[in-house]
Amino acid sequence: MATTTRWTGRRNLQETKNLEAVENTLDNVLDNGGAYLEAPFAAEALVAIEVIARLQGHWGLRNEESEAVDAWVEQRPQKARPDLAAKAHQVIERILAEQSELREMWADSEHYADWTASVAELKGRVNVG
């Protein structure tokens, strides 16, 4: 989750009380359509999806890298809207698709199976509906 610090800092998540930054990040991926999805956008979207999962009470791994997201969620308890959860599932499918640089980068590594399992685990922590 090294992207966590970059995303939370750039999106000023700590200054936001609502889920606007999360939704904007998901929309950036979905608005990309079928065009090639660059890795930074995909990585940031995975962090945004972690926010949604945590708001739903499905925390996953908590460590130093997730500290900023964990603190934000703890300080701003709220419900993640069902439409955001549905978008999160669509974004994960997009990240795992052929036209995804992040997927390609992981596919070229020996840790591809672990990465896809962690993305599937994240998707499983986001309840739709």
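- For the 3.5 Å distance criterion, the side chains of Tyr112 and Glu104 fail to qualify, holding no donor opposite an acceptor.
- Distance CD/Glu38 to CG/Asn28: 11.5 Å, rounded to 0.5 Å.
- The residues Glu50 and Arg62 are annotated as not salt-bridged, no charged nitrogen and carboxylate oxygen being separated by less than 4.0 angstrom.
- Side chains of Leu96 and Trp115 form a contact here, defined as non-hydrogen atoms less than 4.5 Å apart.
- Rounded to the nearest 0.5 angstrom, Ser66 OG and Arg54 CZ are separated by 4.5 Å.
- At a threshold of 4.5 Å between side-chain heavy atoms, the hydrophobic network of Ile, Leu, Val, Met, Phe, Trp and Tyr places Trp59 and Val47 in one connected group.
- The line from CD of Glu101 to CG of Leu37 is 8.5 Å long, rounded to the nearest 0.5 Å.
- Proximity of Ile95 to Arg103: side-chain heavy atoms (C-beta onward) are nowhere separated by under 4.5 Å.
- At a threshold of 4.5 Å between side-chain heavy atoms, the hydrophobic network of Ile, Leu, Val, Met, Phe, Trp and Tyr places Val91 and Met105 in two separate groups.
- Between Trp72 and Leu19, the shortest heavy-atom distance links the atoms CH2-CD2, 3.6 Å.
- The 12-atom threshold is exceeded at CD of Gln99, counting heavy atoms of other residues, nucleotides or ligands nearer than 6.0 Å.
- Leu26 approaches Ile49 most closely through the heavy-atom pair CD2-CG1, 3.7 Å.
- Contact record, Gln56 with Ala85: NE2-CB, 3.9 Å, taken as the closest heavy-atom pair.
- Residues Leu30 and Leu102 share a hydrophobic cluster, clusters being chains of Ile/Leu/Val/Met/Phe/Trp/Tyr side chains in contact below 4.5 Å.
- In the displayed structure, Glu74 atom CD is contacted under 6.0 Å by more than 12 heavy atoms of other residues, nucleotides or ligands.
- Between Trp106 and His111, the angle of the ring planes goes over 60°, which puts this pair in the perpendicular group of the 30/60° scheme.
- Atoms CG and CG, from Asp31 and Asn24 in turn, are 9.5 Å apart once rounded to the nearest 0.5 Å.
- Here the shortest heavy-atom pairing between Ile52 and Ala80 reads CG2-CB, 3.9 Å.
- Taken from CG in Leu46 to NZ in Lys123, the straight-line distance is 12.5 Å, to the nearest 0.5 Å.
- Looking at every heavy atom in both residues, His89 comes nearest to Val126 through NE2-O, 2.7 Å.
- Although no hydrogens or angles enter the test, the distance criterion places a donor-acceptor pair under 3.5 Å between the side chain of Gln78 and the main chain of Arg76.
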